[in-house]
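Some notes on the structure that comes next.
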Amino acid sequence: MPELPEVETVRRGLQPVLEGRRIVKLEQRRPDLRFPFPENFPERLAGRRIETVNRRSKYLVVGIEGGETLIMHLGMSGRFTIALAGGPATMPGLFTHDTGLNGAQPNTTSGSVGKNRWPNTTLHVNTSLRSVEQGSVGQQQNQHQQKHDHVVFHTEEGATVTYNDPRRFGFMVMTATADLQNHPLIGGLGPEPLGNALHAGHLAARAAGRTVDLKAFLMDQRNIAGLGNIYVCEALFRAGLSPQRAASSLARKSGNPTERAERLVTAIRSVLTQAIAAGGSSLRDYRQADGALGYFQHSFSVYGREGEPCATPACRGTVRRIVQAGRSSFLCPACQR
DNA sequence: CGCATCCCCTGCCTGC
DNA sequence: TGCAGGCAGGGGATGC
């Protein structure tokens, strides 16, 4: 499900449960997701402490005691559910939401966008898993086991972190921590959009002479890491740039960035920052009844809004959906040029 | 190298 | 109510 803001929100949810904690057991319930699980995956994690829970682009990067790193990707439909041991949340301010002992997902309609209805929480937190704690492995636990629960981490403190992924486009792989920066999945990534390495000059240098359109350019993780279909659409809308514009128009003949590139960087930063803030703020509100972790879906300006009036003040345009490289783009043809 | 196309998989919504 | 078709937040593999 995730683009960068969702992965960052998940990371922030997982960190206090996993970082510094020892994994006492790992359940792996199928041989693979998108890729095979690591060799001897359960044995390699059991008994070891998790040292760090970081993120790079859309990857969760988990440092494991003993010099290995677990790289996880949520694909299109991956989610984590946290279940704390024993009753109410012991970490006020983070854990928000009880999925219910039957595992029923919160049934909210507020998280739907247009025709698309995704699960509007990437990270569920269940604070009352008494029967899982007490139950013998097997029967009791199966009461809570959801379809497509593929991996369960058990911590020494009695918490469980369950990975669920219906489409199985996600994956978990391990690498030597020393080799992490050279890992094929990590090494070629462009700069983090919220870091100092992203600036107009970088985009201009990457885009100069490129014939691909801006949409494809921004989706290419080698140019900039962490954007996906939604936030590319949203950032281009904020910048007033058409997704069909040539990427090369971010650079002048001199190679310097155009004013468009400056606008684009500002737009990317603002949309991601606000999306992360939205996820984070609802994570903190543990009284929120429906358990929705907010995210930014409520605030999309163009994504999923085909046929609706453009949100730009005084713009009379209508949001259109087009297909680029087999995927939907949403734009206002009137104010995105 | 750049670029386009296809594919992995399941679930949900739409229209007939 | 059933069923077929389209679509979905990602990204790797392949072919030109």
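Chain naming here is simple, since letters A, B, ... match the order of the sequence lines and numbering starts at 1 in each.
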**Message:** At less than 4.0 Å, is any side-chain N or O atom of A/His73 found next to OP1 or OP2 of C/dG12? Yes or no.
**Reply:** no
**Request:** Report the relative orientation of the aromatic rings in A/Phe330 and A/Tyr303; use parallel for angles under 30°, tilted for 30 to 60°, perpendicular for over 60°.
**Result:** perpendicular
**Prompt:** Rounded to the nearest Å, what distance is computed from the CZ atom of residue A/Arg34 to the C1' atom of nucleotide C/dG11?
**Reply:** 5 Å
**Prompt:** Which dot-bracket notation, 5' to 3', represents the base pairing of DNA chain C when pairs are defined as Watson-Crick or G-U with both distances under 3.5 Å, crossing pairs as [ ], and inter-strand pairs as |?
**Reply:** .|||||||.|||||||
**Request:** Write down the distance between CD1 (A/Ile71) and P (C/dG10), rounded to a whole number of angstrom.
**Result:** 19 Å
**Fill in**
A/Ala261 meets the side chain to side chain contact (heavy atoms under 4.5 Å, CB included) criterion, sequence neighbours left out, with A/Ala200, A/Leu250, A/Pro257, A/Thr258
**Prompt:** Rounded to whole angstroms, how far apart are CZ on A/Phe171 and C1' on B/dC9?
**Reply:** 15 Å
**Prompt:** Should the ring pair A/His73 and A/Tyr59 be called parallel, tilted or perpendicular, given that the plane angle runs from 0 to 90° and is split at 30 and 60?
**Reply:** perpendicular
**Request:** Find the distance A/Asp213:CG to B/dC3:C1' and express it as a whole number of Å.
**Result:** 11 Å
**Asked** What distance, rounded to whole Å, do you find between the two P atoms, one in B/dC9 and one in C/dT14?
**Response** 16 Å
**Item:** Centroid distance under 5.5 Å and plane angle under 30°, A/Phe169 vs C/dG11
**Value:** no
**Asked** Does the side chain of A/Thr211 get closer than 4.0 angstrom to OP1 or OP2 of B/dC3 through an N or O atom?
**Response** yes
**A/Asp165 CG to B/dG11 P, straight-line distance once rounded to whole Å** = 11 Å
**Prompt:** Phosphate oxygens OP1/OP2 of B/dG11: is one of them under 4.0 Å from a side-chain N or O of A/Arg167?
**Reply:** no
**N or O in side chain of A/Arg222 less than 4.0 angstrom from C/dG11 OP1/OP2** = no
**Request:** Give A/Arg210 one of three labels, base, sugar-phosphate or nothing, depending on what nucleic acid heavy atoms sit under 4.0 Å from its own.
**Result:** sugar-phosphate
**Request:** Establish, with yes or no, whether the OP1 or OP2 oxygen of B/dG11 is under 4.0 angstrom from a side-chain nitrogen or oxygen of A/Lys147.
**Result:** yes
**Request:** For C/dA8, take OP1 and OP2 only and decide whether either is under 4.0 Å from a side-chain N or O of A/Ser328.
**Result:** yes
**Message:** Under 4.0 Å, counting only non-hydrogen atoms across every strand here, what does A/Leu189 touch: a base, just sugar-phosphate, or nothing?
**Reply:** nothing
